[in-house]
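Values below: all heavy atoms of this structure, side chains included; hydrogens, waters and symmetry mates excluded. Letters A, B, ... mirror the listed sequences (proteins, then strands); counts begin at 1.
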2 protein chains.
Amino acid sequence: MTRQTRIRSAETGARIRAAALRLFARDGYAAVSMRQIAGEVGLQVGALYNHVADKQSLLVVLMREHMEALLAALDAEALPEAPDAALEGFVRFHIRYHAARPDEVFIAYMELRNLGPENFAGIEALRRRYEDRLEGMLARGAEAGIFSVRDARVATMAVIAMLTGVTTWFRPEGRLSLDEVEAIYVEMARKAVGAR
Amino acid sequence: MTRQTRIRSAETGARIRAAALRLFARDGYAAVSMRQIAGEVGLQVGALYNHVADKQSLLVVLMREHMEALLAALDAEALPEAPDAALEGFVRFHIRYHAARPDEVFIAYMELRNLGPENFAGIEALRRRYEDRLEGMLARGAEAGIFSVRDARVATMAVIAMLTGVTTWFRPEGRLSLDEVEAIYVEMARKAVGAR
DNA sequence: GTCTATACCACGATAGAC
DNA sequence: GTCTATCGTGGTATAGAC
């Protein structure tokens, strides 16, 4: 296998994943055919199977890549130690990251039911690890008397749902800039967990 | 047409809708076949079309029924005038209503993309009417100096996303009762909008 | 690695007998 | 209203030539 081949192969695989991502997000996994994906990339359907085992594994790869990139990006933020500053950082990060990747977010939240049980468990574990970062902040803040949360787990789910909801209505060309939206949500999230 | 026939026909239609609701929620609209639905009801495929124009209209009917029932149920609550009491009533209503109907909620939020443009617009208008009830409360409360919200529309979306998120994790047999969950969310929602 | 061709199956929807 | 049968289409995945 020459370097040329390896590079081209990797590129084709990436283009297939990019096309699948776009189509799955727009029409839903079950409604998209392998023929459509091949057409987007400029291949015949048979050629797809040189790069992908089957349709479901294509979905799994997209979800896993998204969740792992999300976790890595959060770690790269190097959020402050202080719980209230960390919360602000988390809110801004979550909104910014998700608003920039509507397709990935949509798929990761909506196509879980198209996964087999073992794949489902793997993706859910990654999501749980992400949620646990926020839960840790809230729990530490509550212990330190900086936050007031009755139940750190429930507060975590509430805050994340609130933040992720931004992707359903935010448009870059809309009334509010992303910066303004972030600021509003920082304030609401801080108040919701009783930050002082 | 005898009364008997009319009644049986209405019942069959209702059983078809109930089966479709369950299957659409579990597997997704696109992944469910008319044959599956017929099988659930104990019919052959062809018989379905005596009750339903086509597959998409089945989805539209389910969504429209859900949204209209939701609006009617909210009106039936006769919430208090005072914005803070009204907010508490809305939060409790929304959580209780949605937690009791996970299938309907799932479909109404996840299968919008399977609607044609005109059907989509109709369902979205109903959703918007529901959201506007909360937005009105928040705007009135802010005007009266009871709430502190920078942007009533964004606060509305944030609160509704937070509340609806309960359906993704709440289980009746879980750690918390629905009453406890309601109480936690009432507190968080009140604080998030700066209720005093 | 991609192509053409095809196996095999399921889909939504309809026709016409009962 | 329901049945059986079928139309026409399109699905995933594979085989084998190049």
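B/Ile37 places its CD1 atom 8 Å from the P atom of C/dG12, with the value rounded to the nearest Å. In this structure, B/Ile16 atom CD1 and C/dG12 atom P are separated by 14 Å, rounded to whole Å. Whole-Å rounding puts the A/Tyr29 OH to D/dT12 P distance at 8 Å. What separates CG of A/Leu59 from P of D/dT12 is a distance of 13 Å, to the nearest Å. Here the P atom of nucleotide C/dG12 and the CG atom of B/Asn114 are 12 Å apart, to the nearest Å. Residue A/Gln44 contributes atom CD, which lies 17 Å from atom P of D/dT14 at whole-angstrom precision. Atom CE of B/Met34 is separated from atom P of D/dG11 by 19 Å (rounded to the nearest Å). Between the P atom of D/dT6 and the OH atom of B/Tyr49 lies a distance of 18 Å, rounded to the nearest Å.
Using the six-membered ring where Trp is involved, A/Tyr97 and A/His66 have ring planes that are tilted, between 30° and 60° apart.
Nearer the 5' end of DNA chain D, as judged by each residue's closest nucleotide, is the contact made by A/Ser33, out of A/Ala53 and A/Ser33. Both B/Arg35 and B/Leu48 sit near DNA chain D, but only B/Leu48 has its closest nucleotide nearer the 5' end. If B/Val32 and A/Gly42 are placed on DNA chain C by their nearest nucleotide, the residue sitting closer to the 5' end is A/Gly42.
B/Val52 comes within 4.0 angstrom of nothing in the nucleic acid, heavy atoms only.
Aromatic ring centres of A/Tyr130 and A/His94 lie closer together than 6.0 Å.
When the nucleotides D/dA13, C/dG1, C/dA13 are ranked by their closest atom to the side chain of A/His51, C/dG1 comes out on top.
One finds no salt bridge joining A/Arg140 and A/Glu143 here, because no Lys/Arg side-chain nitrogen approaches an Asp/Glu carboxylate oxygen to under 4.0 Å.
Looking at residues two or more places apart in sequence or on another chain, you find no side-chain hydrogen bond (donor to acceptor under 3.5 Å, both in side chains) involving B/Arg15.
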